[in-house]
Amino acid sequence: MQSEMDIKQEMCEIGKRVYNRGMVAANDGNFSVKLSDNEFLCTPTGVSKGFMTPEYICKVDAKGNILEANGEFRPSSEIKMHMRVYEEREDVKAVVHAHPMYATTFAVCGMPLKKPIMPEAVLGLGEVPLAKYGTPSTMEIPDAVSEYLPYYDAVLLENHGALTYGDSLLGAYHKMESLEFYARLLYQSMMLGGPKVLDKEQVKRLYGMRKDYGLTGRHPADWMELD
């Protein structure tokens, strides 16, 4: 079992990965980890996620109130979005919010990611819906995301970025990587005249493989009927 310090160090490592892969610019992005029903670690506002050290990490309660924070470090105002995810998804242990270039391009254009173009994306994500635009730091974003939480593990935020969540911080981060890779492939294939999508039978077979692989989380395979 990870200690609190181990988790803080992992958050810093994930921060470097998010920053180095160009998924955030400057001080953008935020992520969090659930310690207990009323204790959560989260990244601070106003600092680059690529240059954090463990003392940067804040601790908040289930309402986003500060429990621990060093110096002038404070949680992101978008912690409300994270808390909504934890409130509605008891299986979630970590949340990652970033602005990956290709995924955010689709979000800015108001386009969800729904084309089944490669087996890995179909298995891991299924689809990525688009939550309607909300003003950052307000309850508009949590309210917009809430619609999709029971059914998906990744959501595009209209004119904003992307949100992923999972049963570990590494798992939530990997979903963000997968989301961005999927978006980039779709974008580039559109530049070449459009992708050749998998047909319904191929998608159905892939959905059926999720149980064989023991994949966790929420996915269209859990509820979608394919004709």
Side-chain angles (χ1 to χ4, degrees), residues 14 17-18 21 23 31-34 81-82 84-98 100-107 109-132 144-158 161-227:
I14 295 299
R17 296 189 183 202
V18 167
R21 291 182 68 91
M23 292 183 175
F31 37 96
S32 62
V33 175
K34 181 178 181 178
M81 176 173 61
H82 295 241
R84 181 64 64 87
V85 178
Y86 293 122
E87 179 183 344
E88 299 192 14
R89 287 282 300 273
E90 292 184 358
D91 60 310
V92 168
K93 304 300 181 185
V95 177
V96 173
H97 167 53
M101 182 63 69
Y102 288 88
T104 303
T105 297
F106 280 92
C109 291
M111 300 170 63
L113 302 175
K114 291 191 173 184
K115 292 187 181 296
I117 59 173
M118 60 181 297
E120 289 80 2
V122 172
L123 279 167
L125 297 170
E127 297 178 353
V128 184
L130 177 75
K132 66 181 181 181
V145 168
S146 180
E147 176 182 352
Y148 303 102
L149 293 179
Y151 311 109
Y152 301 92
D153 285 349
V155 181
L156 295 183
L157 308 175
E158 190 173 30
L163 184 70
T164 57
Y165 31 94
D167 56 10
S168 69
L169 178 57
L170 186 60
Y173 166 72
H174 279 162
K175 288 181 189 297
M176 186 65 73
E177 268 198 7
S178 297
L179 165 59
E180 175 66 350
F181 189 68
Y182 172 23
R184 183 171 183 175
L185 281 178
L186 183 54
Y187 177 87
Q188 292 182 168
S189 65
M190 290 167 66
M191 297 301 100
L192 296 175
K196 179 182 182 297
V197 300
L198 303 176
D199 62 35
K200 286 187 176 181
E201 185 58 35
Q202 291 169 326
V203 172
K204 185 176 181 179
R205 290 179 64 188
L206 288 168
Y207 279 5
M209 294 168 62
R210 277 183 56 82
K211 290 183 179 179
D212 296 335
Y213 289 155
L215 298 178
T216 60
R218 305 288 173 83
H219 188 280
D222 301 330
W223 53 268
M224 183 178 290
E225 293 292 335
L226 294 177
D227 297 329

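Quick note: residue numbers are just sequence positions, from 1. What's counted below: heavy atoms across the whole structure, side chains too, no hydrogens, waters or symmetry copies.
- Here the CZ-CE distance, from Phe106 to Met190, works out to 5.0 Å after rounding to the nearest 0.5 Å.
- A distance of 4.5 Å separates CD1 of Ile117 from CG of Leu186, quoted to the nearest 0.5 Å.
- Two residues are said to be in side-chain contact when any heavy atoms from C-beta on lie closer than 4.5 Å; Leu198 and Leu206 meet this criterion.
- Within 6.0 Å of NZ in Lys34 there are more than 12 heavy atoms belonging to other residues, nucleotides or ligands.
- For the pair Tyr151/Asp222, no side-chain contact is recorded, criterion being any heavy-atom separation below 4.5 Å from C-beta on.
- When only modelled atom types and interatomic distance are considered, Glu120 and Ser178 share no side-chain donor-acceptor pair under 3.5 Å.
- For the pair His219 (side chain) and Val122 (backbone), a donor-acceptor distance under 3.5 Å is present.
- A distance of 5.5 Å separates CG in Leu163 from CG in Leu157, rounded to the nearest 0.5 Å.
- The shortest side-chain heavy-atom distance between Met23 and Glu177 falls under the 4.5 Å cut-off.
- Listed for the His97 side chain is a donor-acceptor partner under 3.5 Å among the backbone atoms of Ala162.
- Although no hydrogens or angles enter the test, the distance criterion places a donor-acceptor pair under 3.5 Å between the side chain of Asp153 and the main chain of Arg218.
- Looking at every heavy atom in both residues, Val33 comes nearest to Tyr86 through N-OH, 3.5 Å.
- Put simply, the side chain of Arg84 never gets that close to the backbone of Ser146: no donor and acceptor are under 3.5 Å apart.
- Put simply, the side chain of Val203 does not reach to within 4.5 Å of the side chain of Val197, judged on heavy atoms.
- Side-chain atoms of Tyr165 come within 3.5 Å of backbone N or O of Tyr152 as a donor-acceptor pair.
- Looking only at side-chain heavy atoms (C-beta outward), Glu180 and Tyr102 come within less than 4.5 Å of each other.
- Between atom OG of residue Ser32 and atom NZ of residue Lys93 there is a gap of 12.5 Å, rounded to the nearest 0.5 Å.
- Counting heavy atoms from C-beta on, the side chains of Gln188 and Leu192 never come closer than 4.5 Å.
- Considering every non-hydrogen atom in both Arg210 and Gly217, the closest pair reads NH2-O, 4.2 Å.
- Of all non-hydrogen atoms in Gly110 and Pro112, the two that sit nearest each other are O-CD, 3.8 Å.
- Remark: Met111 CE is loosely packed, at most 12 non-hydrogen atoms of other residues, nucleotides or ligands lying under 6.0 Å away.
- In this structure, the side chains of Val96 and Leu169 come closer than 4.5 Å at one or more pairs of heavy atoms.
- Annotation: side chain of Thr216 is not in contact with side chain of Asp91 (no heavy-atom distance under 4.5 Å).
- Judged as a side chain to side chain donor-acceptor pair (under 3.5 Å), and not counting sequence neighbours, Ser168 has no contacts.
- Note that OG1 of Thr105 and CZ of Arg184 are 11.0 Å apart. Values are rounded to the nearest 0.5 Å.
- For Thr164 (side chain) and Ala172 (main-chain N/O), a donor-acceptor pair under 3.5 Å exists by modelled atom type.
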